[in-house]
Visitor: 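Please read through the structure below; I'll follow up with questions.
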Amino acid sequence: MQSNKANNPKPKTAISPTRAENYPEWYQQVIKAAELAENSPVRGCMTIKPWGYALWENMQAVLDAKFKATGHKNAYFPLLIPASFMQKEADHIDGFAKECAVVTHTRLVTNNEGKLVPEGKLEEPYIIRPTSETIIGEAYSRWIQSHRDLPILLNQWCNVMRWEMRTRLFLRTTEFLWQEGHTAHATEQEARQETLQMLAIYQRFAEDYLAMPVIVGEKTASERFPGAVNTYCLEAMMQDKKALQSGTSHFLGQNFARAFNIKFLNDKSQEEFAWTTSWGVTTRLIGGLIMTHSDDDGLICPPKIAPAHVAILPIAHKEEQRSQIREYGEALARELRQLTYHGRPLVVEIDYRDITGGEKNWSWVKKGVPFRVEIGGKECENNSVFVGRRDKSYKERAAQPRTEFIATIIQQLDDMQNNLFQRARDRLQQFTVNIDSKEDFYEFFKKEESGFASAHWNGDPSIEAQIKKDLSVTIRCIPKVEKPEPGICIFSGEKSAQRVIFAKAY
């Protein structure tokens, strides 16, 4: 008798190992197969390939437009920050000291052994930008004199460096790309409104464009940005049920204004310190996109952010068909490129590589392009297309009249975008559970894949630290809810103002 295993062979997948077999390695293999990025010769740094960088460019374009629509302007500040600047805000330097990369010399010379060594020691070391509050604070102290100079609403697109010990492509690298907004205001209320406005922009971007549902809330004191009064965040659930912080917005109060002497004369000619904010998202969002949507065949790109919307795959089985198929594909591409999808012209790739149809198909499956359109002699003859949609099974490819495909492609892209969001939202809801006892809490997080626990906590940081030590679980956020539910802390038995979200996290 044949074994059950022989009767039910393991399904073939384009990515090995699968998510179930080894999730961290699956993630790395998706990046490799989709040609998103690779590890560079520089320790902890990555080279972002064109397909991966196109994702970042599309994210940039959407966010940049949203920032400018709310009055923000782009600027650029130096990569190197004098070490003395970092020392001016005590909590800030404590938070970043261990992650700083330091420039101490100005040039290289050849020693007696023929090796290049640094020479020309700097009087003051420079820190390679881990974040820019300090150098921007120094500029604001010179730029701001009167209440008429406020508000200042600036954003910077740049790279930063934080010396990470354990790195993973997109999620945590020594150097990464981001945007960092920095604003200064005349009143506390205005600064607080700015902080929450930018958080709302991030939420809409994550959910509407990345199809990634998030929980919005405030960080606890121990998880707060160094030097901030309040840090607000987005927390998303990945397919392995871990949390990924997917954006932060910080109300800095007057802390950095006092450290950098950012003062202004108010309308009563009285001197005051400005109120400042900072906010940012990074290339970590690409990692979040991968882990939210992709499957065991590779990357899946939400259409609104995809590098290309449609890949046309000409497949000629006979040489005499080649030119006809090419002309058919070019004409189809021209028609599609005349369409726009959420303000962006439809991006169409035509794959002319001299490889088999199967190889072409699977290469675009792994890259996550929303629609694959095969055209051969039969399609030319019937004025049709053979279509595969990336959020559906590979076997669900089907013939469709060409005119119908062109007429419905925008709606089909929206259907896919909405489907991806619904899948992810269902997962977030399914694996976010209320827990009302310490015993159940510890049992929940001892599982290999747990999820989000919504539980009462009395605000004691020592309890927070103990949970982190015992389970590698942190409070991801104190959720923003209309009506907080008071209760009893499951760890101390004391009163709790509301439930908070606990999870293991990246």
Side-chain angles (χ1 to χ4, degrees), residues 56-79 81 85 89 92 95-96 129-144 149-162 176-210 214 216-219 224-234 245-257 259-260 262 274-285 288:
W56 180 240
E57 285 181 311
N58 291 342
M59 293 179 185
Q60 277 186 300
V62 173
L63 286 169
D64 200 61
K66 290 183 181 298
F67 298 159
K68 288 172 179 171
T70 46
H72 300 83
K73 298 183 185 302
N74 287 332
Y76 187 80
F77 293 83
L79 173 69
I81 300 173
F85 283 22
E89 216 294 326
H92 194 64
F96 283 105
R129 172 175 54 219
T131 181
S132 297
E133 278 76 9
T134 57
I135 196 141
I136 292 177
E138 186 278 334
Y140 283 3
S141 72
R142 292 182 285 104
W143 298 353
I144 298 169
D149 299 323
L150 296 170
I152 291 183
L153 309 175
L154 294 186
N155 175 64
Q156 174 174 231
W157 292 97
C158 63
N159 62 338
V160 295
M161 182 165 279
R162 298 178 184 175
F176 54 91
L177 307 180
W178 75 351
Q179 60 73 211
E180 49 177 326
H182 296 270
T183 69
H185 305 264
T187 67
E188 176 181 2
Q189 181 184 9
E190 191 177 311
R192 287 191 177 277
Q193 286 174 346
E194 164 78 8
T195 306
L196 296 178
Q197 173 187 243
M198 302 321 292
L199 187 71
I201 285 175
Y202 288 154
Q203 180 182 7
R204 289 196 297 273
F205 174 71
E207 297 188 338
D208 294 350
Y209 286 83
L210 303 183
V214 292
V216 178
E218 183 178 353
K219 288 291 189 185
R224 194 178 291 153
F225 178 75
V229 176
N230 304 98
T231 287
Y232 301 92
C233 64
L234 313 178
Q245 182 179 289
S246 303
T248 50
S249 187
H250 315 289
F251 171 64
L252 304 177
Q254 294 177 311
N255 292 345
F256 284 88
F260 287 90
I262 308 172
W275 300 82
T276 65
T277 79
S278 66
W279 30 272
V281 294
T282 79
T283 39
R284 162 177 274 225
L285 288 177

Visitor: Report yes or no: does Arg284 contribute a side-chain atom to a donor-acceptor pair with the main-chain N or O of Ser246 at less than 3.5 Å?
Guide: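 Checked: no pair found.
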Visitor: Only counting residues at least two apart or in another chain, list the ones meeting side chain to side chain donor-acceptor pair (under 3.5 Å) with Thr277.
Guide: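 Thr277 satisfies side chain to side chain donor-acceptor pair (under 3.5 Å) with Thr183, Trp279 once adjacent residues are dropped.
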Visitor: Who passes ring pair (Phe, Tyr, Trp, His ring centres under 6.0 Å) against His250, sequence neighbours left out?
Guide: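 Phe225.
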Visitor: Checking Trp275 now: which residues fulfil ring pair (Phe, Tyr, Trp, His ring centres under 6.0 Å) with it, not counting sequence neighbours?
Guide: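 In terms of ring pair (Phe, Tyr, Trp, His ring centres under 6.0 Å), with neighbours along the sequence ignored, Trp275 is linked to no residue.
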Visitor: Which pair of heavy atoms, one from Ala257 and one from Ala274, lies closest together, and at what distance?
Guide: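 Nearest pair, atom of Ala257 first, then Ala274: CB-O, 3.1 Å.
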Visitor: Could you pull out all residues at least two apart from Ala75 that satisfy side-chain contact (heavy atoms from CB on, under 4.5 Å)?
Guide: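 Result, side-chain contact (heavy atoms from CB on, under 4.5 Å) vs Ala75: Phe77, Leu154.
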Visitor: Does Glu180 have any salt bridge (Lys or Arg N to Asp or Glu O under 4.0 Å) partners at least two apart in sequence or in another chain, and if so, which?
Guide: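 Here no residue qualifies.
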Visitor: What residues form a side chain to side chain donor-acceptor pair (under 3.5 Å) with Asn159, not counting sequence neighbours?
Guide: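 In terms of side chain to side chain donor-acceptor pair (under 3.5 Å), with neighbours along the sequence ignored, Asn159 is linked to Arg129, Glu175.
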Visitor: Which residues pass the ring pair (Phe, Tyr, Trp, His ring centres under 6.0 Å) test with Phe260, not counting sequence neighbours?
Guide: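 None.
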Visitor: Got a list of side-chain donor-acceptor pairs under 3.5 Å for residues 59-66, not counting sequence neighbours?
Guide:
unit_1: Asp64; atom_1: OD1; unit_2: Asn74; atom_2: ND2; d: 2.8
unit_1: Asp64; atom_1: OD1; unit_2: Trp157; atom_2: NE1; d: 2.8
unit_1: Asp64; atom_1: OD2; unit_2: Lys68; atom_2: NZ; d: 2.7

Visitor: For Thr187, check side chain to side chain donor-acceptor pair (under 3.5 Å) against everything at least two apart and list the hits.
Guide: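 Checked Thr187 against side chain to side chain donor-acceptor pair (under 3.5 Å); zero matches.
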Visitor: Does any N or O in the side chain of Arg162 come within less than 3.5 Å of the main-chain N or O of Pro130, such that one atom is a donor and the other an acceptor?
Guide: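 Yes.
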Visitor: Partners of Ser278 by side chain to side chain donor-acceptor pair (under 3.5 Å), sequence neighbours excluded?
Guide: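 Counting only residues at least two positions away or on another chain, Ser278 forms a side chain to side chain donor-acceptor pair (under 3.5 Å) with Glu133.
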Visitor: Which residue pairs pass the salt bridge (Lys or Arg N to Asp or Glu O under 4.0 Å) test with at least one member in residues 191-203, sequence neighbours excluded?
Guide: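 Qualifying pairs, neighbours excluded: Glu188-Arg192.
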Visitor: What ring-ring contact (aromatic ring centres under 6.0 Å, His included) pairs are there with at least one residue in residues 184-209, not counting sequence neighbours?
Guide: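 Residue pairs passing ring-ring contact (aromatic ring centres under 6.0 Å, His included), neighbours aside: Phe205-Tyr209.
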